[in-house]
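Here's the structure, in structure tokens; my notes come after.
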Protein chains: 2
Amino acid sequence: MTARIVDVETIDVRFPTSRDLDGSDAMNEAPDYSAAYVILHVGDDGAGGDGNGADGSGGERNGGDGSGADGSGGERNGARPAVSEGHGFTFTIGRGTDLAVAAARAIGERAVGMSVDEITGDLGAFSRHLLGDSQLRWLGPDKGAIHLGAAAVINAAWDLAAKQAGKPVWKLLADFTPQQIVDLVDWRYLKDALTPEAALELLESRREGRGEREAYVREHGYPAYTTSAGWLGYDDGKLARLCREAVEQGWDSVKLKVGADLGDDVRRCRIAREIIGPDRRLMIDANQTLGVDEAIEWADALEEFGIWWFEEPTSPDDVLGHAAIQRRIAPTHVATGEHAHNAVMFKQFLQAGAIGICQIDACRLGGVNEAVAALLLAAAHDVPVCPHAGGVGLCELVQHLSVFDYVAVSGSMEDRVVEYVDHLHEHFHDPVRVEGSRYRVPEAPGYSAQIRRETLEANRFPGGSVWAGTAPVTS
Amino acid sequence: MTARIVDVETIDVRFPTSRDLDGSDAMNEAPDYSAAYVILHVGDDGAGGDGNGADGSGGERNGGDGSGADGSGGERNGARPAVSEGHGFTFTIGRGTDLAVAAARAIGERAVGMSVDEITGDLGAFSRHLLGDSQLRWLGPDKGAIHLGAAAVINAAWDLAAKQAGKPVWKLLADFTPQQIVDLVDWRYLKDALTPEAALELLESRREGRGEREAYVREHGYPAYTTSAGWLGYDDGKLARLCREAVEQGWDSVKLKVGADLGDDVRRCRIAREIIGPDRRLMIDANQTLGVDEAIEWADALEEFGIWWFEEPTSPDDVLGHAAIQRRIAPTHVATGEHAHNAVMFKQFLQAGAIGICQIDACRLGGVNEAVAALLLAAAHDVPVCPHAGGVGLCELVQHLSVFDYVAVSGSMEDRVVEYVDHLHEHFHDPVRVEGSRYRVPEAPGYSAQIRRETLEANRFPGGSVWAGTAPVTS
């Protein structure tokens, strides 16, 4: 009997966050945080009759809550625990989630019938197989809805692989040999900036000290910063109160959303800086609203408030524009990446010296494999990676990437912080634990990606109880 | 009574071109040329009951073949012909067309209820409105399936506007004032390379001679080149035969697909060059298969065959990579753009000197508006625009853009050719007319985008008769 993927279940999950303007910024006025959610269902040869999750019925499957994360159940394939599901998702903000779901289904069908050992034994080949459909590729390549859908499936495969190995994803990665890590990456378009051989050398050079760093991060956690204070929809009073609370809670970095009105932003940065004092770090985020020259004007006007980084000043596609801004506003760092859609974009941002802070996203990049490519490129260019998080479950995922980066790739926590927003964690089986402004290292097997079944049902769009009685929504 | 958009009809149209390997190249092994097709249906106030095209029933609507292009029918709104439909599409290659259709529907719903005069009176504002949904934008921004869908809708609006004006799109554009042309463009991210004021000045400087150029292109047509000879799936014998036929038919430029195997490509280029002789132009197209250093290796090995341009040598996102290749292989031009997803990409390719030939695509860019932005950027950088075409209906669309470019923007045909592939034109109401290696100028009102209703039904996927009896297809 060979364990195979017998079904790809996809779910459109949406949270009505726009009702409170949580997550509002100058570009994203009223997001409903959402996920295009994927469950890879495992069965034995001949168990294909189980593959009926595509009807959207939402019934329970495979017994219990279907988590498979508890490590119980019978053994098979030798000593490994029997894992029945891999969970993954990509993050979206409401309308259009159906497109990402359809993309995940189209990509995910390429996994159906593959053996689990084939997938988890060579996750690099698996990723290239999923991304290699020549007809679907036309919709990207490696960008937009089709790449978001691919990320959901690839993340689910990593969750499956890590559960099968009985390890959290960061530990699965950190225990790989340098060659195994290099083999995760599609090098086709990256070699002019970093060859596989140079990446191997970098990883070998960081091999010493991995044990000590792993012990250190397990004991002390990984630094975080909070965006919860500075959403653009909040008034000055709420901004001030949340900044005070951030200080009281021990945060030493605070980020504000800017970019709609410069006068407002000057006032808001002044409020924030007065409350957090001169020593804590203040970052700003324009969410792509500005042109290149406007961004420089903004940075000049806000310079007096001591800005550590200026995030997403302009179009996420504009490598040369970011480079022009970075040349002008140093020592303030330009930070971008949450909308950088693939490793070729990160390659260029790094080659051009366009960013001082590299903000990978665990769901916009094509899952763990492409995130590893970005970590290697950033380390080779000596640029700190500070992942984008918040949304639905992004904190849960990126903590794995940053802990892996610290243990095995960059080997450093200096100038590195993972974004933290205190939203929606209660819906996850294995939510992040942030204590004293630091992420505690996740220890449960998997990618911390699994949303509770009752949440999946209640927030299923449009049929879930959370959405019952709302006005008809067209997409 | 006000004429309004009462419905957006969307159709998934696919042609089984993979059966003959027409259109095969090193990246796109077996495409089924397809279109995510959009019809904007116009009705009067209170006529909303007509808006039932979303059920996919495919029944006839609005009488006859619904073309509206014949200018018959009653007059309304003064002297303008009553136009009942605007047709547009984006081009895809098979699986995933359903995603582009869903995107077109989501974007198109933003047009329902708008008055036709509001749309056609300010097509710049209309385009910004369609692209401005903050939740859908997350799937891009301005890239991937959501941008392809937007292109289909925006192209349909231009077809509607041109039919209402009783002009082909190129002529509608060419009759605009320079300020009207400038107002079509979203300048937010472009001003560091070209300001609206500088664009206005450029257009003013080309105003003289517009009448002469219009008369010239109507008399002599616009230069074309053929790709029909060089698809990668053809064997040497077929390649040689098609090259001979191209010469006999009067073509003076021929393009070959390369990038799978360098030895094969050397042999194929030698065959082609021997047949077409030393004076005709030979271009090659790697369809993104190569890394930066490999592309340089390819160019070096094929240099002896006198290559005019090297198309899509590497990742379409790699501005810096193309710049490195262009620096190395001049005087061979680097050409790219069919997968450049928005004007910010073209801005950078031009700023970086990364391309000597600018290949806009009428359906990957966000419709006519963003194509106009690319034309202006290219003219400002003195780089010839040679649009990507072929596929389904791309020739029909881009001829309008190149004729407009000649009359009103660049003012030149020098080193400019529009791609031509002799496939699938018979399915269009107003197909391109190519004579003596030149496009004849389209004269029918609209954007030449309209596919015959019988084709839409026969090729509707998966239900159309063309697809009946084929193996179950999953996407």
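As the structure is a prediction and not an experimental result, all values here were calculated from the model. A, B, ... follow the sequence lines: proteins, then strands. Residue 1 opens every chain.
When heavy atoms are compared at a cutoff of 4.5 Å, B:Ala324 does not approach chain A at all. For chain B, no part of A:Leu190 is nearby; none of its heavy atoms comes within less than 4.5 Å. With a 4.5 Å cut-off on non-hydrogen atoms, A:Pro316 touches chain B through its side chain but not through its backbone. The contact between A:Leu148 and chain B is made entirely by side chain atoms (from C-beta outward), counting heavy-atom distances below 4.5 Å. For chain A, the nearby parts of B:Asp318 are the backbone and the side chain; heavy atoms of each come within less than 4.5 Å. Of the atoms belonging to A:His147, not a single heavy atom falls under 4.5 Å from chain B. There is no contact between B:Thr90 and chain A, counting heavy-atom distances below 4.5 Å. Neither the backbone nor the side chain of B:Ile107 comes within contact range of chain A; no heavy atom of the residue lies under 4.5 Å from a heavy atom of that chain. Proximity to chain B involves both the backbone and the side chain of A:Asp32, based on heavy atoms less than 4.5 angstrom apart.
In this structure the side chain of A:Val292 reaches within 4.5 angstrom of the side chain of B:Lys347, judged on heavy atoms. For the pair A:Arg188/B:Gln288, no side-chain contact is recorded, criterion being any heavy-atom separation below 4.5 Å from C-beta on.
Of the residues A:Leu320, A:Asp192, A:Val344, the one that meets the side-chain contact (heavy atoms from CB on, under 4.5 Å) test with B:Leu320 is A:Leu320.
Here the shortest heavy-atom pairing between A:Ala100 and B:Leu139 reads CB-CD2, 4.5 Å. Taking each heavy atom of B:Gly140 and A:Arg364 in turn, the nearest pair found is O-NH1, 3.2 Å. Looking at every heavy atom in both residues, B:Ile93 comes nearest to A:Ser134 through CD1-O, 3.4 Å. Minimum heavy-atom separation, A:Ala103 to B:Leu99: N-CD2, 3.7 Å.
Salt bridge B:Lys143/A:Asp317: present, at least one basic N to carboxylate O contact under 4.0 Å.
Comparing A:Pro141, A:Ala193, A:Gly291, A:Ala295 by how many heavy-atom pairs each has under 4.5 Å with chain B, the most go to A:Pro141. The candidate with the highest count of non-hydrogen atom pairs below 4.5 Å against chain A, out of B:Thr289, B:Leu290, B:Asp142, B:Thr314, is B:Thr289. Taking A:Gln351, A:Lys191, A:Glu294, A:His339 one by one and counting their heavy-atom pairs under 4.5 Å with chain B, the maximum is reached by A:His339. Looking only at heavy-atom pairs under 4.5 Å with chain A, the residue among B:Ile146, B:Asp293, B:Asp133 that has the most is B:Asp133.
Crowding of B:Arg328 atom CZ: a count of heavy atoms from other residues, nucleotides or ligands under 6.0 Å not exceeding 12.
Between B:Ser315 atom OG and A:Met345 atom CE the span is 9.0 Å, to the nearest 0.5 Å.
A:Arg14 and B:Gln135 form no side-chain donor-acceptor contact under 3.5 Å, judged by distance and modelled atom types alone.
Note that A:Arg95 lies outside the cation-pi zone of B:Trp138, set by a 6.0 Å cut-off to the ring centre and a 45° limit from the axis.
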